[in-house]
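Atoms considered below: every heavy atom in the structure, side chains included; atoms not considered: hydrogens, waters and symmetry mates.
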Amino acid sequence: QLQFVESGGGLVQPGGSLRLSCTASGFALDYYTIGWFRQAPGKDHEGISCISPSDDSTYYADSVKGRFTISRDNAKRTSYLQMNNLKPEDTAVYYCGANIIGNVQMMCEMFTTDWGQGTQVTVSS
């Protein structure tokens, strides 16, 4: 199983920003599509943003489009999720994952895994 460490979450006010990081543990990400997912209280996991191995294709769920930006640094074995204009409904545990799925929309809509711990994002005034 691919292992990741998510970080960067915290408590922010509505309209604030956070940058989440997802770092692979002990393997290279060069050939993997990376996805960011979240689980809000009482809800299923939602794929919110995915990025192709070569960084030439991205996908964003409608709920975050225009506010979140996904990126990756293969040399650092890390993906980032820049979250701007955060809303209370963004409150969730955020997870990352990687897969050989090439289509970024398919990755975000279909990927599932043993999610691990994730990082908590709480948006509240």
Side-chain angles (χ1 to χ4, degrees):
Q1 182 178 350
L2 304 180
Q3 300 293 328
F4 300 90
V5 177
E6 299 100 341
S7 63
L11 174 64
V12 297
Q13 294 184 341
S17 297
L18 286 173
R19 189 180 76 155
L20 306 184
S21 297
C22 167
T23 299
S25 178
F27 64 95
L29 287 172
D30 303 59
Y31 309 112
Y32 292 88
T33 295
I34 300 172
W36 282 93
F37 306 80
R38 68 186 182 187
Q39 185 177 36
K43 297 185 178 181
D44 293 332
H45 288 84
E46 175 191 17
I48 56 172
S49 187
C50 294
I51 185 168
S52 63
S54 60
D55 197 16
D56 62 349
S57 184
T58 56
Y59 169 84
Y60 297 94
D62 289 342
S63 57
V64 306
K65 193 175 300 181
R67 299 187 297 118
F68 291 10
T69 303
I70 190 171
S71 62
R72 64 189 296 162
D73 186 334
N74 288 342
K76 295 182 178 180
R77 297 181 284 112
T78 299
S79 175
Y80 305 97
L81 185 68
Q82 179 66 46
M83 306 187 298
N84 298 326
N85 192 24
L86 284 162
K87 303 176 180 180
E89 52 262 45
D90 295 319
T91 295
V93 179
Y94 285 71
Y95 307 88
C96 62
N99 197 266
I100 60 172
I101 296 171
N103 184 285
V104 291
Q105 181 174 352
M106 185 176 298
M107 173 73 176
C108 267
E109 292 180 348
M110 297 185 177
F111 178 77
T112 189
T113 188
D114 183 0
W115 296 105
Q117 187 172 348
T119 185
Q120 175 72 50
V121 172
T122 302
V123 185
S124 177
S125 60

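- Counting non-hydrogen atoms of other residues, nucleotides and ligands closer than 6.0 Å to CG of D44 gives a total of 12 or fewer.
- Side-chain atoms of S49 and Y60, non-hydrogen and from C-beta on, do get closer than 4.5 Å to each other.
- Of all non-hydrogen atoms in Y95 and H45, the two that sit nearest each other are CE1-NE2, 3.6 Å.
- Rounded to the nearest 0.5 Å, atoms CD1 (I51) and OG (S57) are 8.5 Å apart.
- Between T33 and P53, some side-chain heavy-atom pair lies under the 4.5 Å cut-off.
- Across E46 and S63, no two heavy atoms sit closer than the pair OE2-OG, 3.0 Å.
- Taking CD of Q120 as the reference point, atom CZ of R38 lies at 12.0 Å (rounded to 0.5 Å).
- In this structure, L29 is a member of the same hydrophobic cluster as I100, with clusters built from ILVMFWY side-chain heavy atoms closer than 4.5 Å.
- Taking every heavy atom of both residues into account, M107 and I34 meet most closely at CE-C, 4.3 Å.
- At a threshold of 4.5 Å between non-hydrogen side-chain atoms, the residues V12 and M83 do not count as touching.
- In this structure, the side chain of T91 engages the main chain of V123 through a donor-acceptor pair within 3.5 Å.
- For F37, the ring-ring contact (aromatic ring centres under 6.0 Å, His included) partners two or more places apart in sequence, or in a different chain, are F111, W115.
- How far OG of S125 is from CD of Q13: 7.0 Å, rounded to the nearest 0.5 Å.
- Side-chain contact between T78 and T23: present, with at least one pair of heavy atoms (C-beta onward) separated by less than 4.5 Å.
- Salt-bridge formation is detected for the pair K65/D62: a Lys NZ or Arg NE/NH1/NH2 atom is positioned less than 4.0 Å from an Asp or Glu carboxylate oxygen.
- Pairing each heavy atom of A61 with each of G47, the nearest pair is CB-O, 3.5 Å.
- Atom CG of D90 sits about 12.5 Å away from atom OG of S124, to the nearest 0.5 Å.
- Q39 places a side-chain N or O within donor-acceptor distance of the main-chain N or O of K43, the cut-off being under 3.5 Å.
- A distance of 6.0 Å separates OG in S17 from CD in Q82, rounded to the nearest 0.5 Å.
- Two residues are said to be in side-chain contact when any heavy atoms from C-beta on lie closer than 4.5 Å; Y59 and M106 fail this criterion.
- With rounding to the nearest 0.5 angstrom, the CG atom of N99 is 8.5 Å from the OG1 atom of T113.
- Applying the ring-ring contact (aromatic ring centres under 6.0 Å, His included) rule to F27 yields the partners F4; only residues at least two apart in sequence or on another chain are considered.
- A pairwise comparison of heavy atoms in C50 and G35 identifies SG-CA, 3.5 Å as the closest pair.
- With respect to the salt-bridge test (charged N to carboxylate O, under 4.0 angstrom), the residues R77 and D30 do not qualify.
- Hydrophobic cluster membership differs between V104 and Y80, with clusters built from Ile, Leu, Val, Met, Phe, Trp and Tyr side chains linked at under 4.5 angstrom.
- The shortest distance between side-chain heavy atoms of W36 and I70 falls below 4.5 Å.
- For the pair I48/L81, a side-chain contact is recorded, criterion being any heavy-atom separation below 4.5 Å from C-beta on.
- Under a cut-off of 6.0 angstrom, the local environment of CD in E89 is crowded, with over 12 non-hydrogen atoms contributed by other residues, nucleotides or ligands.
- Taking 4.5 Å as the limit, some side-chain heavy atom of L20 sits within range of a side-chain heavy atom of V121.
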